[in-house]
Peer 1: 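Have a look at this one before I ask anything.
No hydrogens, no waters, no symmetry mates; every other heavy atom, side chains included, goes into these values.
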Amino acid sequence: MEFDLSRVLDALPAMVWIARPDGRLELINRRWSEYTGLSLDEAHGRKWSTVFNPDDLPELLERWRSILTSGQPGEMEARVWRFDGQYRRVRVQCSPMLDDAGRLIKWCGVVTDVEDIRRAEETLRRRALDFQLIVDSIPVPVAVTTPSGAVEGLNQATLNYFGKTLETLKEWEATDAVHPEDLERTIAAHNANYEAGRSYDIETRLRRADDVYRWFNVLAMPLRDVDGHILRWFELLIDIDDRKRAEAALQAANDRLARASQVASLVELSASIAHEVNQPIAAALANAQAALRWLGRDPPDLAEVREALDDVVKDGTRAGAVIDRIRSLFKNAPPSPENLDITEALSEIVALSRGKALKNGVSLQVQLSEGLPTVRGDRVQLQQVMLNLITNAIEAMSDVDDGNRNLRITAGRDDDNVFFTVQDSGPGLTPATLERVFEPFYTTKPTGLGVGLSICRSIIEAHSGALWATNAEKGGAVFSFTVPISTSAISRKGVQDAVMPSQAPQPLADITS
C-alpha cells in the first residue's frame, strides 16, 4: 500500500518539518505553512530563513550548522514573522532519523510557539510576586519548586493534565507520574542537575489523568538572586508526543520502502530464475531416460543404471538448492552469519544474472583470484548486494550501442579483506551523482526508489566492510566493496578511508556471455 507521508504530517496537531542530511528543507506540514504564510515551494531548500527576524538569523544559522555537524538532537530559538504580521518567538527542536546501520537519512523537526512562555518567564524574573497567578497564564504545564525540589506551585494546565489537586500532587511520587521504563533515567537526570544547579532538558513519558502516557520535553531552569543563590526552580512541560509519532511514522515508511526495493529487484529476475532451475531439471530428465534405456537391455546394465540414477539425485538436489536460495532472498529472514565461500556465492549470483545479461546484449566476464579465503557473513545479504550491483550495471548500459556493452566482475584478496568489483561500460557517474549515489531516496532512474544502494552500503558496513563508487579511466562506473577475511572486523572510518584493492586478481575463470 502506498504511504502518503505528507498526509500524515498534515494530520499532526503540531508544526513539523523534514530536512535532508545537509539541512536543506524538504517538506513542511500544513500547520507550519499556515503559521508562516509560506508554501513548500517558497520555503524549499534554504529559503525558509526569510521568515526569521534578521537580528536572530546569524545566531540561528550558526546553531543549525553546529547541530548538522554533530548529528545529534538539538534546539534553537528565534523570532518568526507570523502570517498576521507580528514576530513571535518559536522553539525549534530537531532530531536525526537514522537507518538500521545508524546512518543519518533525514532530519525531523517540530516548531513550538513559545512567545507566551518566554514573556511569562521574563515577567517572573522581573517580579517575584504571586507565582501562582503568573504561571496560570502559561498555556503549558508549569511547576515551581523550592531549591530542594519540593513542589511549591503548579499552574492550572498541570492540574488539568494529571487530574489532581495541588495538595495531592505535592505528595505525589515520581513513580506515579513517570513511565516505568523512563523512571530511573528521569530521576537520575533530575537529581544530578538539581544538585549541580544546572538547567536541564530531558524527554520522558508522563501519565495523563486517563492513564495514557504522552512524551514531554521537561525544561528546568533555576531562578537566582543577585548573589547567584537559587531561589526557586521553574519546570516547563512541552508536549512532544506528536513529534515522536511523526518520527515513528517516517521510520516505518522508510522500512517499507527498503523492503519494496528488495522485492522489486528480485521480481525482475524471474526469467533468469526459471532458466537456472530448468537446467538441473532438464539434466535429471535426460539421466532418467538414459537409466530407462539401460534397464531395457537384455540383460539390464545395472551399473550404468546406478550411475545415471546417481546423476538424477545430484540434479534434483541442485534444483532444490536453487529454489531454496531464491526463497531465502524473498523471505524477510534475520541475518544468519556463516563461514562463506565468496567464490561459490558469487558463482550462484552470476548464474542468476546471466539470463538478464543475455537478454540485454551484455558481454559478461568474471575474473576470480585463486584460493580466495572464506569470510564471516550472511550469505543472503551479501548475495543481495552482489545482485543489486550487477543488475544496476546491466541497466546502466541500456543506452550503449550493441556490441559495446561489457560487464566485468572481479573478486580477489587485498591484505585482510576480500574485495568484489563490478565495472560496466556505460556513461559513468557525474560528479554530483558520485557525491550522492549512496544517499537514501536519491536515484537517477525514472522509476527508481533510491534505496537500493543505501541498503547495500548498510549491509556491507554491518559486515565491517566498505562500499564505494568511482569512474573507470576508459569510461563506465565501478562499484567495489570489501569484507574482512576473519571474524575480527577491521576498523574503518568510512568510505573516504577505504583502501582501493592493490593486488590484481589472478584469473581463475573467464566467463563470457
Peer 1: Test of understanding: with side chain to side chain contact (heavy atoms under 4.5 Å, CB included), list the residues that count as partners of Ala393, not counting sequence neighbours.
Peer 2: Leu407, Val422, Asp424
Peer 1: What verdict does the side-chain contact (heavy atoms from CB on, under 4.5 Å) test give for Thr112 and Gln93, after you've listed the backbone C-alpha separation in whole Å, the side-chain angles of each residue and the deciding distance to 0.1 Å?
Peer 2: CA-CA 8 Å; Thr112 306; Gln93 298 168 282; 4.2 Å; yes
Peer 1: Going by the rule side-chain hydrogen bond (donor to acceptor under 3.5 Å, both in side chains), which residues pair with Glu184 if we only count those two or more places apart in sequence or in a different chain?
Peer 2: none
Peer 1: Using the ring-ring contact (aromatic ring centres under 6.0 Å, His included) criterion, which residues pair with Phe162? Sequence neighbours excluded.
Peer 2: Trp172
Peer 1: Tell me whether the rings of Trp17 and Trp64 are parallel (<30°), tilted (30 to 60°) or perpendicular (>60°).
Peer 2: perpendicular
Peer 1: For residues Lys244 and Arg205, determine if any side-chain heavy atom of one lies less than 4.5 Å from a side-chain heavy atom of the other.
Peer 2: no
Peer 1: Taking C-beta and beyond as the side chain, do Trp215 and Arg245 meet within less than 4.5 Å on heavy atoms?
Peer 2: no
Peer 1: About how many Å separate NE2 of His463 and CG of Asp378, when rounded to the nearest 0.5 Å?
Peer 2: 5.5 Å
Peer 1: Would you check, one step at a time, whether the test side-chain contact (heavy atoms from CB on, under 4.5 Å) holds for Ile28 with Val16?
Peer 2: CA-CA 6 Å; Ile28 58 175; Val16 180; over 6 Å; no
Peer 1: How would you list, by chain and number, every residue that makes a ring-ring contact (aromatic ring centres under 6.0 Å, His included) with Phe83, sequence neighbours excluded?
Peer 2: none
Peer 1: By side chain to side chain contact (heavy atoms under 4.5 Å, CB included), which residues pair with Leu98, not counting sequence neighbours?
Peer 2: Pro96, Leu104
Peer 1: Mind running salt bridge (Lys or Arg N to Asp or Glu O under 4.0 Å) on Asp242 and Arg214 for me, showing each step along the way?
Peer 2: CA-CA 9 Å; Asp242 296 325; Arg214 289 184 65 83; 3.7 Å; yes
Peer 1: Drop me the distance from Arg436's CZ to Asp22's CG, to the nearest 0.5 angstrom.
Peer 2: 7.5 Å
Peer 1: Checking Trp81 now: which residues fulfil ring-ring contact (aromatic ring centres under 6.0 Å, His included) with it, not counting sequence neighbours?
Peer 2: Tyr87
Peer 1: Which is it for Glu439 and Arg20 under the salt bridge (Lys or Arg N to Asp or Glu O under 4.0 Å) test, yes or no, and what are the steps along the way?
Peer 2: CA-CA 10 Å; Glu439 284 185 16; Arg20 297 177 180 175; over 6 Å; no
Peer 1: For Asp211, give me all partners under side chain to side chain contact (heavy atoms under 4.5 Å, CB included), at least two apart in sequence or on another chain.
Peer 2: Arg207
Peer 1: What residues, two or more places apart in sequence or in another chain, satisfy side-chain hydrogen bond (donor to acceptor under 3.5 Å, both in side chains) together with Glu115?
Peer 2: Arg119
Peer 1: Applying salt bridge (Lys or Arg N to Asp or Glu O under 4.0 Å), name anything that partners Glu59, two or more places apart in sequence or on another chain.
Peer 2: none
Peer 1: With a 4.5 Å cut-off on side-chain heavy atoms, are Glu395 and Ser398 touching?
Peer 2: no
Peer 1: Taking atom CG as the centre, does Asp100 end up with more than 12 heavy-atom neighbours from other residues, nucleotides or ligands that are less than 6.0 angstrom away?
Peer 2: no
Peer 1: Kindly give the heavy-atom pair with the smallest separation between Asp182 and Thr186, and that separation in Å.
Peer 2: O-OG1, 2.7 Å
Peer 1: Who pairs with Phe479 by ring-ring contact (aromatic ring centres under 6.0 Å, His included), at least two apart in sequence or on another chain?
Peer 2: none
Peer 1: List for me each residue that meets side chain to side chain contact (heavy atoms under 4.5 Å, CB included) alongside Leu61, sequence neighbours excluded, and say none if there are none.
Peer 2: Trp48, Leu57, Arg65
Peer 1: Tell me, please, which residues at least two apart from Gln423 pass side-chain hydrogen bond (donor to acceptor under 3.5 Å, both in side chains).
Peer 2: none
